[in-house]
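Remarks on the structure that follows.
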Amino acid sequence: MSHVSARHGVSRWSRFLGAGAAATVVVLLGSAALAPYSISMAFAADGSGAFGQRQQRLDAADASVAVLDTSVEAADTSAAGSGKSAGAGGARSAALYTLEQFMFTGAVNWGGYKFTFYSEQVLPGPGLAIPGRHVNDDGYVSDADGYIVLAGSHPKGTVFDTPFGYQGKIYDRGTFGNHLDVYIR
């Protein structure tokens, strides 16, 4: 004879999951409730905390010393990004941004264009057909004529003035509109 019950049974697995969920809630609530006490003990101002002494120290630097030079020279931006066709060579001008400043900021908006950088380590060597490809003294990937290498949606060979001390020439795709990628070391 089989045992038949009108009551729906709860499986062992369901009970196990319910107990696990309840234990998890208790642990999380207990950790949250005790956290302020453990942190204050670990980093007590008088050094009497769990570590027995102060572990970190913050000293403010002298505010009169400039950490980063943020000065910008005035420049004539009337020819910026004029979309000139390739000429006899990349004209050299005063750089408004060094490569280090450019990499620190990540993007430069100048002359109606947004310049970002792209490392040649991502696309080394002959990945693009750039005659005389090399890294110039300032760290920019350049062609034989001294133009720095740009990627953009303009026709290949289009020359742009840049705030980096060199004219740039489009050799690659990857950006659209007024956004230009500058290839760097």
Side-chain angles (χ1 to χ4, degrees), residues 35 39 42-43 45 49 51 53-185:
I39 290 174
F43 298 104
F51 299 116
Q53 62 182 354
R54 295 180 74 179
Q55 296 294 318
Q56 295 181 351
R57 182 175 162 183
L58 176 63
D59 293 325
D62 182 12
S64 65
V65 178
V67 177
L68 178 64
D69 179 20
T70 57
S71 62
V72 177
E73 300 172 20
D76 178 18
T77 59
S78 60
S82 59
K84 298 178 272 189
S85 60
R92 183 83 165 102
S93 62
L96 299 178
Y97 295 90
T98 66
L99 179 59
E100 288 73 24
Q101 290 170 328
F102 183 29
M103 291 174 68
F104 180 78
T105 60
V108 171
N109 291 304
W110 180 82
Y113 288 86
K114 177 180 181 178
F115 294 90
T116 55
F117 62 87
Y118 187 85
S119 174
E120 84 161 338
Q121 295 174 5
V122 176
L123 187 61
L128 297 170
I130 302 171
R133 178 180 178 150
H134 66 284
V135 176
N136 68 19
D137 292 337
D138 291 323
Y140 298 96
V141 176
S142 300
D143 66 8
D145 294 326
Y147 291 103
I148 61 175
V149 176
L150 301 176
S153 59
H154 301 278
K156 289 186 178 181
T158 303
V159 174
F160 292 88
D161 290 330
T162 72
F164 310 113
Y166 301 91
Q167 287 185 314
K169 186 186 288 187
I170 299 285
Y171 278 100
D172 197 11
R173 299 283 176 241
T175 64
F176 298 97
N178 291 345
H179 182 183
L180 300 170
D181 263 345
V182 180
Y183 282 63
I184 63 169
R185 62 176 174 234

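Just so it is clear, the values below take in all heavy atoms, side chains as well, and ignore hydrogens, waters and symmetry mates.
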If you take all heavy atoms of [X] and [Y], which pair is closest and at what distance?
X: Thr116; Y: Ala107; answer: CG2-CB, 3.9 Å
X: Ser119; Y: Arg185; answer: OG-O, 3.0 Å
X: Tyr166; Y: Gly146; answer: CD2-O, 3.9 Å
X: Gly177; Y: Ser153; answer: N-OG, 3.0 Å
X: Thr175; Y: Ala151; answer: OG1-O, 3.2 Å
X: His134; Y: Asp143; answer: CE1-O, 3.0 Å

To the nearest 0.5 Å, tell me how far [X] [atom1] sits from [Y] [atom2].
X: Phe164; Y: Ile148; atom1: CZ; atom2: CD1; answer: 6.5 Å
X: Asn109; Y: Lys114; atom1: CG; atom2: NZ; answer: 6.5 Å
X: Leu180; Y: Thr162; atom1: CG; atom2: OG1; answer: 9.5 Å
X: Phe117; Y: Thr105; atom1: CZ; atom2: OG1; answer: 8.0 Å

Item to complete: Would you please classify the geometry between the Phe160 ring and the Tyr113 ring as parallel, tilted or perpendicular, with 30° and 60° separating the classes?
Response: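 Geometry flag for Phe160 against Tyr113: perpendicular rings.
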
Worksheet item: Would you call the rings of Phe115 and Trp110 parallel, tilted or perpendicular if under 30° counts as parallel and over 60° as perpendicular?
Response: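 Aromatic pair Phe115/Trp110 classed tilted.
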
Item to complete: Could you please spell out the steps behind the side-chain contact (heavy atoms from CB on, under 4.5 Å) verdict for Val149 and Ile130?
Response: CA-CA 8 Å; Val149 176; Ile130 302 171; 3.7 Å; yes

Practice prompt. Indicate whether the side chain of Asp172 and that of Tyr118 have a donor and an acceptor atom separated by less than 3.5 Å.
Written response: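 No pair is found: no donor N or O on one side chain lies under 3.5 Å from an acceptor on the other.
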
Practice prompt. Going by the side-chain contact (heavy atoms from CB on, under 4.5 Å) test, name the single residue among Ile184, Asp138, Asn136 that passes it with Leu99.
Written response: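 Result: among Ile184, Asp138, Asn136, Ile184 is the only option passing the side-chain contact (heavy atoms from CB on, under 4.5 Å) with Leu99.
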
Discussion item. Using a 3.5 Å distance criterion without hydrogens, assess whether the side chain of Arg173 forms a donor-acceptor pair with backbone atoms of Gly152.
Written reply: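 Side chain of Arg173 to backbone of Gly152, a donor-acceptor pair under 3.5 Å: yes, one is there.
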
